[in-house]
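So the structure is just underneath, and the comments pick up after that.
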Amino acid sequence: LLDTILKIEKLLDKNLNNKVIEILNPLFTKKSLNDFEKSSVYFLFGTAHYNLKNFSNANTSFLSILAYNDIPIPLYLESLRKLSVKFLDTKQKEFVLERIKIINNKEKNIDMQLSLAEFLYHSSDFIRTIETLDLVVQNEEKLTATQLEKLNELLFFAHVGNSELNDALKIIETTVGVNPTKANLRRLAYIYALMNKTENHLNIWETINDNFLLDRYETKYFYELLLKHEFHSKAEQIFNHGLENGFFEPNEKLHNNSLNTWLQSTPSS
């Protein structure tokens, strides 16, 4: 079986997913496989279907893994992460929640609790997402930096999803203070936009522009934001930067119109 698994992994790396399914199909009838071996086969089988965008078939495999007892936690976790929630029906979602509860009761695991919260979030169950994450905090679990980052990220998005913008703002402001990455600053700008804090929103985008390279989307967004607030001189600088990087065409209608408006409103010397 190990030789087969190694062969399958190479085929998956080459994106030969149909070949993987063909090889694995006969293994499901083998009675000699233990639960760990069966779950490993299901995981590879599900991954091949997932790669082919056969999400319902992929889900069936990953749900089968969750049904087993006493297999390594990482296999449960990877199966959870691979589930395509929007292709699960209500009964399947309840099965997942019940199994996570049973697995976690047998072996307390922070990653399982975070995965449960993530599953709930993707199921648009924002209240239970927040409750699950709050329990992790209340239990004073010792979190790694990666786990803490994941917890705060999920908590932020769950509060946004539940329209609790003040709570989301507190989380992201604290996060930015500790870890001012571009992604975190963009989330802060997003919250300011949702809360109609226009000046704060613009200031954060100026901070992003001053400290990070902007991609095509970000450059165009910041440029249009500057035009909206009539910062034409700064907009001209951003446009030229975008032009140099191929983000704009020289004859951009929006730019030409705004430039003409600006020039017409500027007193001649």
Go through it in stages, so that I can follow the logic: the residues are N15 and N17, the test is side-chain hydrogen bond (donor to acceptor under 3.5 Å, both in side chains), and I'd like the CA-CA distance, side-chain angles, deciding distance and then a yes or no.
CA-CA 5 Å; N15 215 27; N17 299 293; 2.9 Å; yes
Which atom pairs, donor and acceptor, lie under 3.5 Å between side-chain atoms of residues 112-119 and protein residues at least two apart or in another chain?
{"from": "S115", "atom 1": "OG", "to": "D111", "atom 2": "O", "distance (Å)": "3.0"}
{"from": "E118", "atom 1": "OE2", "to": "K150", "atom 2": "NZ", "distance (Å)": "3.1"}

Residue from L155, V85, T129, I130 passing side-chain contact (heavy atoms from CB on, under 4.5 Å) with Y121
T129
For K197, I'd like to know if atom NZ has over 12 heavy atoms of other residues, nucleotides or ligands within 6.0 Å.
no
If we ignore hydrogens and angles and just use 3.5 Å, is the side chain of Q147 paired with the main-chain N or O of T144 as donor and acceptor?
yes
How close do N152 and T175 get, counting heavy atoms only, and between which atoms?
CB-OG1, 4.2 Å
Can you check whether L151 reaches I110 side chain to side chain, under 4.5 Å on heavy atoms?
no
So with a 6.0 Å cut-off around NZ of K19, is the heavy-atom count from everything else above 12?
no
Any side-chain heavy-atom pair of K234 and N209 under 4.5 Å:
yes
Could you pull out the closest heavy-atom pair between T181 and F212, with the gap in Å?
C-CZ, 3.8 Å
Taking all non-hydrogen atoms of both residues into account, name the closest pair between T219 and G242 and its distance.
CG2-CA, 4.0 Å
Does the side chain of H232 reach to within under 4.5 Å of the side chain of L226, using non-hydrogen atoms?
no
Side-chain contact test, heavy atoms from C-beta onward, threshold under 4.5 Å: evaluate it for N200 versus M195 and give yes or no.
no
Using 30° and 60° as the class limits, which term best fits the ring planes of W205 and H201: parallel, tilted or perpendicular?
perpendicular
Which residue pairs pass the side chain to side chain donor-acceptor pair (under 3.5 Å) test when at least one of the two sits in residues 85-96, sequence neighbours left out?
none
Does E218 reach the main-chain N or O of D215 with its side chain, forming a donor-acceptor pair under 3.5 Å?
yes
Keeping to residues at least two apart or across chains, list the ring pair (Phe, Tyr, Trp, His ring centres under 6.0 Å) pairs with something in residues 54-76.
F43-F62, Y50-F55, F55-F87
Counting only heavy atoms not in L135, do more than 12 sit closer than 6.0 Å to its CG atom?
yes
Please indicate whether I127 has more than 12 foreign heavy atoms, meaning atoms of other residues, nucleotides or ligands, lying under 6.0 Å from its CD1.
no
Should N245 and H241 count as side-chain neighbours, where that means a heavy-atom distance under 4.5 Å?
yes
Which heavy atom of G46 sits nearest a heavy atom of S61, and at what distance?
CA-CB, 3.6 Å
Nearest atoms (heavy-atom pairs only) where V176 meets N184
CG2-O, 3.6 Å
Taking the side chain as everything from C-beta on, heavy atoms only, tell me whether F157 gets closer than 4.5 Å to F126.
no
Shortest non-hydrogen contact between L75 and S39, atoms and distance
CD2-OG, 3.2 Å
Side-chain donor-acceptor pair under 3.5 Å between R99 and N69, yes or no?
yes
Does Y223 have its ring centroid less than 6.0 Å away from the ring centroid of F247?
no
Quick check: do K220 and F248 have side-chain heavy atoms less than 4.5 Å from each other?
yes
Distance from L88 atom CG to N59 atom CG, nearest 0.5 Å?
4.5 Å
Can we say D125 and R128 salt-bridge, meaning some charged N sits less than 4.0 Å from an Asp/Glu carboxylate O?
yes
Is there a side-chain contact between F95 and L66 in this structure, where contact means two heavy atoms from C-beta onward sitting under 4.5 Å apart?
yes
